[in-house]
Amino acid sequence: MHDLRYLRDHLDTLRAQLGPRGADIAWDDLRNSLEDRRNLTIKIEQTRHEIKKFSDEIGRLMREKKAADAEKLQETQGMRTMVPEIGAQEEQLRAIEQQVSNVALRIPNLPHSSVPVGSDSSGNKEERRWGEPQQFSFKPKTHWEIGENLGILDFDRAAKIAGARFAVLTGAGARLERALINYMLDLHTTQHGYREVLPPLLVNRSSMTATGQLPKFEEDLFRLRDEDYFLIPTAEVPVTNLHRDETLAENALPIRYTAYTPCFRREAGSYGKDTKGLIRLHQFNKVELVSFAKPDQSYEELERLTSHAEAILQDLGLPYRVVTLCTGDMGFSAAKTYDIEVWLPSQNHYREISSCSNFEGFQARRANIRYKGTGGKKDTKSEFVHTLNGSGLAVGRTVVAILERYQQPDGSVTIPEVLRQYMGGMERISKA
RNA sequence: GGAGAGGUGGCCGAGUGGCCGAAGGCAACGGUUUGCUAAACCGUCGUAGGGGCAAAACCUCUACCGAGGGUUCAAAUCCCUCCCUCUCCGCCA
């Protein structure tokens, strides 16, 4: 969310800066609501001041046992009329504030100046590539063909148990997924300085609003029928909310967390896309990186966080590229996003496997996460932190990339060196 | 699920209708004292929003005692709803 005072004073500027990103926002309503809100607030505060003044006076008289005088004051100063009046005004103010936040909470973040302008993914900018897509002496199979042939992926039974867009992993497949999770967590905690978190997978409405999933994207979320809980679509939600309504010590920043969680997404509106395989599921595993940084260091932190995700792919020997999302392709809350795309031989192109974003103060303002200087330096004012996060990595898609990249002519798959210690020394997945 | 207790400033804790944004203590910060450390003493010590101001300092107003409503001229204090924590019982991995 944007600062409301800033909104009031710079509404047209922001509107212009957002361009198409703000096309569906009711700007004029917002402008009026903000103006009404300000005027009414001033009026209410003045009236309240009057009431308070005479109340104090009545209190003084009562203490002096001058009940009659107090009674008189009560009648003569219009207290009896001011009170209902202020009640009505407050009700009006509540309605206005509701209107304000209805609109304000749906305004997306402003892209950073380094973000390329564009309307869709064709406007994204490639930053760098790592590794060479390998040449196969045979036609590479898709990961679901490989997995089903090896007996480690089972989509038919997943559909029976749950439905479309679910998967069952068995045997070495399940073990590979688990190995990846452990390997990623170990690397981030021991080499990259992140603290491991195992958070709740169900969160409340406030948490979802703080990180920006609500109110605009409720249809993307799974929600419980009888309780106002949502299944997390990413660990970003519970982990960023760890510090909701907190003021952090400046010298503790940056604070870095990594969390493995399953993620749950409705995938409404993606019918027909990636219907086969592990690419797009209602439930998938992800290791997430989250950072709380000082504003003047957050872009440096974004580079660092992105490199931590890249390190996984490099270790696994999976070719990838990094792209900067253009204005039209970025998410709602982000100010800048790098997507890391891994090479998938069967599709003959790069597919997203990680998305690393700086949200600047957008989430922090919604979540009320501040930081403040410590050590008695006189009143350093608290400010909003910048929040960042990125996948490090999406585990299911990593399995996809490994199966396809390391498939052999005989249908077996060799296991990347770094994972072998996590798989009991297994070097190859062959048909059982 | 049943019964009970409770949520007050960074922490502890007083406060049952008006002089309470809130006693007292601890911690923190500044200072005095002091071979050093410690102690003692003095002082400062919440957050947010609005207005004044070009702005800072500063002045001033408003709000905040878990959240939201209500009663009242006046609410930390009374009433209602909700959330959370703790204890006991039941159930359960």
Side-chain angles (χ1 to χ4, degrees), chain A residues 1-10 33-102 104 198-210 214 224 226-230 238 241-253 255 262 361 364-385:
Chain A
M1 189 168 61
H2 299 272
D3 178 59
L4 290 182
R5 179 147 45 145
Y6 179 85
L7 264 181
R8 195 186 71 203
D9 296 340
H10 305 278
S33 301
L34 285 168
E35 198 53 42
D36 291 350
R37 172 172 167 271
R38 182 198 197 186
N39 293 333
L40 196 54
T41 303
I42 292 172
K43 201 152 116 195
I44 287 174
E45 290 192 351
Q46 281 167 352
T47 312
R48 209 195 302 279
H49 178 60
E50 287 294 302
I51 293 173
K52 221 176 139 166
K53 203 169 71 187
F54 291 119
S55 288
D56 287 351
E57 183 65 11
I58 291 169
R60 192 180 61 79
L61 292 169
M62 294 299 281
R63 259 175 279 123
E64 293 170 5
K65 308 286 183 206
K66 294 175 182 167
D69 290 352
E71 184 77 16
K72 194 172 148 206
L73 192 59
Q74 224 176 95
E75 296 301 335
T76 57
Q77 296 299 336
M79 303 295 277
R80 298 249 155 89
T81 58
M82 271 194 284
V83 171
E85 195 182 309
I86 208 171
Q89 287 173 348
E90 282 179 332
E91 198 171 320
Q92 204 183 335
L93 182 64
R94 271 198 294 278
I96 291 170
E97 290 192 320
Q98 189 62 49
Q99 286 167 21
V100 168
S101 59
N102 268 350
L198 193 69
L201 308 180
L202 293 176
V203 302
N204 57 34
R205 189 168 282 276
S206 299
S207 295
M208 284 294 188
T209 305
L214 292 179
L224 299 206
D226 296 324
E227 313 259 1
D228 206 19
Y229 285 132
F230 298 85
N241 274 281
L242 277 177
H243 294 301
R244 174 151 53 88
D245 293 321
E246 291 184 16
T247 300
L248 307 170
E250 182 176 17
N251 60 15
L253 299 176
I255 296 174
R365 197 170 291 111
R366 288 172 165 244
N368 189 28
I369 306 170
R370 302 158 188 271
Y371 75 98
K372 193 177 177 179
T374 44
K377 290 282 192 294
K378 61 170 161 232
D379 44 32
T380 45
K381 209 159 161 54
S382 68
E383 288 180 68
F384 291 112
V385 299

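Keep in mind that what you see is a predicted model, and the values were worked out from it rather than measured. Only this structure's heavy atoms are used, side chains among them; waters, hydrogens and symmetry mates stay out. Every chain is numbered from 1 and lettered A, B, ... according to where its sequence line falls, protein lines coming before strand lines.
Using C1' as the reference atom, B:rC73 and B:rG31 are 46 Å apart when rounded to the nearest Å. As rounded to the nearest Å, B:rA54 and B:rC45 have C1' atoms that lie 31 Å from one another. When the P atom is compared between B:rG4 and B:rC79, the two are found 16 Å apart, to the nearest whole Å. Taking the C1' atom of each, B:rC89 and B:rC82 are spaced 25 Å apart, rounded to whole Å. Nucleotides B:rG17 and B:rA76 have their P atoms positioned 13 Å apart, rounded to a whole Å. Taking atom P on both B:rA57 and B:rG49, the two are 14 Å apart, rounded to the nearest angstrom. Nucleotides B:rC80 and B:rC26 are separated by 38 Å at their C1' atoms, to the nearest Å. The gap from the C1' atom of B:rC65 to that of B:rG7 amounts to 10 Å, rounded to the nearest Å.
Between A:Arg48 and A:Glu90, at least one side-chain nitrogen of the basic residue sits less than 4.0 Å from a carboxylate oxygen of the acidic one, meeting the salt-bridge criterion. A:Arg60 has a carboxylate O that lies under 4.0 Å from a charged side-chain N of A:Glu57, or vice versa, which qualifies the two as a salt bridge.
Residue contacts for A:Arg60: at a heavy-atom cut-off of 4.0 Å it reaches no nucleic acid atom on any strand shown.
Whole-Å rounding puts the A:Glu383 CD to B:rA48 P distance at 11 Å. B:rC19 atom P lies 6 Å from atom CZ of A:Arg63, rounded to whole Å. Remark: C1' of B:rG49 and CG of A:Leu40 are 15 Å apart, rounded to the nearest angstrom. Here the C1' atom of nucleotide B:rG9 and the NZ atom of A:Lys372 are 12 Å apart, to the nearest Å. For the pair A:Glu57 CD and B:rU72 P, the computed distance is 22 Å after rounding to whole Å. Atom pair A:Arg365:CZ and B:rA48:P shows a separation of 14 Å (rounding to whole Å applied). The interatomic distance linking A:Asp9 (CG) with B:rG51 (P) rounds to 9 Å, in whole Å.
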Watson-Crick or G-U pairs under 3.5 Å in RNA chain B, rendered as dot-bracket with [ ] for crossing pairs and | for another strand: ((((((((.[[[..)..(.....]]].(((((.......))))).(((((((.....))))))).[[[[[..)....]]]]])))))))....

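Note that CG of A:Leu224 and CG of A:Leu202 are 5.0 Å apart. Values are rounded to the nearest 0.5 Å. With rounding to the nearest 0.5 Å, the separation of CD in A:Glu45 from CG in A:Leu40 is 10.5 Å.
Applying the ring pair (Phe, Tyr, Trp, His ring centres under 6.0 Å) test to A:His10 and every residue at least two apart in sequence or in another chain returns A:Tyr6. Qualifying side-chain hydrogen bond (donor to acceptor under 3.5 Å, both in side chains) partners for A:Glu246, counting only residues two or more places apart in sequence or in other chains: A:His243. With sequence neighbours left out, the side-chain hydrogen bond (donor to acceptor under 3.5 Å, both in side chains) criterion links A:Glu91 to no other residue. Judged as a side-chain hydrogen bond (donor to acceptor under 3.5 Å, both in side chains), and not counting sequence neighbours, the contacts of A:Asp245 are A:Asn368. With sequence neighbours excluded, the residues forming a side-chain contact (heavy atoms from CB on, under 4.5 Å) with A:Arg365 are A:Asp3, A:Phe384, listed by chain and number. Residues that satisfy the side-chain hydrogen bond (donor to acceptor under 3.5 Å, both in side chains) test with A:Ser33, not counting sequence neighbours, are A:Gln99.
Non-hydrogen atoms lying under 4.0 Å from RNA chain B are contributed by nothing in residues 85-93 of chain A.
Across all non-hydrogen atoms, the minimal contact from A:Ala364 to A:Val385 is CB-O, 3.2 Å. When all heavy atoms are compared, the tightest approach of A:Ala367 to A:Ala210 is CB-CB, 3.6 Å. Nearest heavy-atom pair across A:Arg244 and A:Ile369 is CA-CG1, 3.8 Å. Shortest non-hydrogen contact noted between A:Thr247 and A:Ser382 is CG2-CB, 4.4 Å. Shortest non-hydrogen contact noted between A:Leu248 and A:Ile255 is CD1-CD1, 4.0 Å. Between A:Met1 and A:Ala104, the shortest heavy-atom distance links the atoms CG-O, 4.0 Å.
Atom CD1 of A:Ile42 has more than 12 neighbouring heavy atoms from other residues, nucleotides or ligands inside a 6.0 Å radius.
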Enumerate the protein-to-nucleotides 67-69 of chain B contacts in which both atoms are nitrogen or oxygen and the separation is below 3.5 Å.
{"unit_1": "B:rG69", "atom_1": "OP1", "unit_2": "A:Arg94", "atom_2": "NH1", "d": "3.3"}

Between the protein and nucleotides 77-86 of chain B, list the N/O to N/O atom pairs that are separated by less than 3.5 angstrom.
none

Between protein and nucleic acid, restricted to nucleotides 61-65 of chain B and to nitrogen or oxygen atoms under 3.5 Å apart, what atom pairs and distances do you find?
{"unit_1": "B:rC61", "atom_1": "O3'", "unit_2": "A:His49", "atom_2": "ND1", "d": "2.9"}
{"unit_1": "B:rU62", "atom_1": "OP1", "unit_2": "A:His49", "atom_2": "ND1", "d": "2.8"}
{"unit_1": "B:rU62", "atom_1": "O3'", "unit_2": "A:Arg48", "atom_2": "NE", "d": "3.2"}
{"unit_1": "B:rA63", "atom_1": "OP1", "unit_2": "A:Arg48", "atom_2": "NE", "d": "3.3"}
{"unit_1": "B:rA63", "atom_1": "OP2", "unit_2": "A:Lys52", "atom_2": "NZ", "d": "3.4"}

What does the list of N/O pairs under 3.5 Å between the protein and nucleotides 73-75 of chain B look like, with a distance for each?
{"unit_1": "B:rC73", "atom_1": "OP1", "unit_2": "A:Arg80", "atom_2": "NE", "d": "3.1"}
{"unit_1": "B:rC73", "atom_1": "OP1", "unit_2": "A:Arg80", "atom_2": "NH2", "d": "3.2"}
{"unit_1": "B:rC73", "atom_1": "O2'", "unit_2": "A:Ser55", "atom_2": "OG", "d": "3.1"}
{"unit_1": "B:rA74", "atom_1": "O4'", "unit_2": "A:Ser55", "atom_2": "OG", "d": "3.1"}

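Between A:Ile44 and A:Ile86, some side-chain heavy-atom pair lies under the 4.5 Å cut-off. The closest side-chain heavy-atom distance from A:Leu242 to A:Pro199 is not below 4.5 Å. With a 4.5 Å cut-off on side-chain heavy atoms, A:Glu64 and A:Asp69 do not count as touching.
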